[in-house]
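Below you'll find the structure, written out as C-alpha cells, and then a few comments.
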Amino acid sequence: DAGVIQSPRHEVTEMGQEVTLRCKPISGHNSLFWYRQTMMRGLELLIYFNNNVPIDDSGMPEDRFSAKMPNASFSTLKIQPSEPRDSAVYFCASSFAGRGGRNEQFFGPGTRLTVL
Amino acid sequence: GDSVTQMEGPVTLSEEAFLTINCTYTATGYPSLFWYVQYPGEGLQLLLKATKADDKGSNKGFEATYRKETTSFHLEKGSVQVSDSAVYFCALSDYGGATNKLIFGTGTLLAVQP
C-alpha cells in the first residue's frame with residue numbers, strides 16, 4: 001500500500017494567492033483528517049470527514065479555509081486568500097472507523113506551506 | 001472534554017540511557033491510547049497502542065502500559081539510541097468511537113546524544 005499521499009510536498013506562494021493542498025487516503029479507509037502543525041501552536045486538527053461527509057470543522061481557523069471530499073479517494077484543503085501566518089506543515093491522515101476499526105490514524109508526509 | 005497531558009521537552013539523554021516520557025489523560029469513556037513518533041521532516045507514525053486497562057503496547061524496544069487507576073500511559077525504553085531522536089506524541093480516542101478522532105498531547109522532543 002502506498003500510504004496516504006499528499007501533494008505538493010512543498011509550496012511557496014505570495015500573500016493573497018489561492019493555495020490548494022491535496023490528499024489521497026489509504027484505500028478502504030472511511031475517515032480523513034486535516035491537521036496543521038506549527039512551532040507555536042503544535043498539532044491542530046482542522047477538520048475531519050467520515051464517509052466523505054464533514055463531521056467537525058470547528059478547527060478551521062477562518063472562512064479563508066475550506067475543505068472538500070468529493071469521493072472516498074480524494075480531498076482538498078484550500079486557503080483563499082493566503083496569509084503569511086498560514087505558513088505551516090499541513091498533514092492529512094486517514095483511518096477506518098466503525099465496528100472492528102482499530103482507531104489508528106495513518107499520516108501522510110505533509111505539505112510544507114510558506115506564504116511570503 | 002477529553003484531554004492529554006504529556007511532559008514538556010526537550011528531553012536530552014546520552015545513548016543507552018533509560019527513557020521515560022510521562023503521559024496522563026482525562027476521558028469520560030474508555031479510550032484507546034496511543035504513542036506516535038515524528039522523525040524530522042516526516043509525518044507522524046504509530047509507535048504503539050493499548051486498547052484497554054492493563055494492556056501493554058510495545059514496539060522497537062518502547063513500551064507503555066495503560067494504567068486506568070492513575071490515568072497514565074507513560075512511554076519507556078531501556079536503552080535509547082541516537083536514531084530514537086524525534087518528537088513523541090501521546091494520544092487517545094474514544095473506545096469504539098464512530099469517528100476515530102484522536103486527541104493529541106503537545107509532543108515531547110527527545111534528543112539522544114552519542
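Just so it is clear: chains get the letters A, B, ... in the order the sequence lines come, proteins before strands, and each one is counted from 1. Quick caveat: nothing in here was measured; it's all calculated off a predicted structure. In what follows, every heavy atom counts, from backbone to side chain, and hydrogens, waters and symmetry copies are set aside.
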Of the backbone (N, CA, C, O) and the side chain (C-beta and beyond), which part of A:Gln6 lies under 4.5 Å from a heavy atom of chain B, both, or neither?
-> neither
Taking atom CG of A:Asp63 as the centre, report whether more than 12 heavy atoms of other residues, nucleotides or ligands fall under 6.0 Å from it.
-> no
A:Asp56 portion near chain B, given a 4.5 angstrom heavy-atom threshold | side chain
With only heavy atoms counted, which part of B:Gln38 is less than 4.5 Å from chain A, the side chain, the backbone, both or neither?
-> side chain
May I ask you to test the B:Tyr36-A:Glu104 pair for a side-chain heavy-atom distance under 4.5 Å?
-> yes
Whether over 12 other heavy atoms sit under 6.0 Å from A:Glu14 CD | no
How about A:Arg112: does its CZ atom have over 12 heavy atoms from other parts shown lying under 6.0 Å from it?
-> no
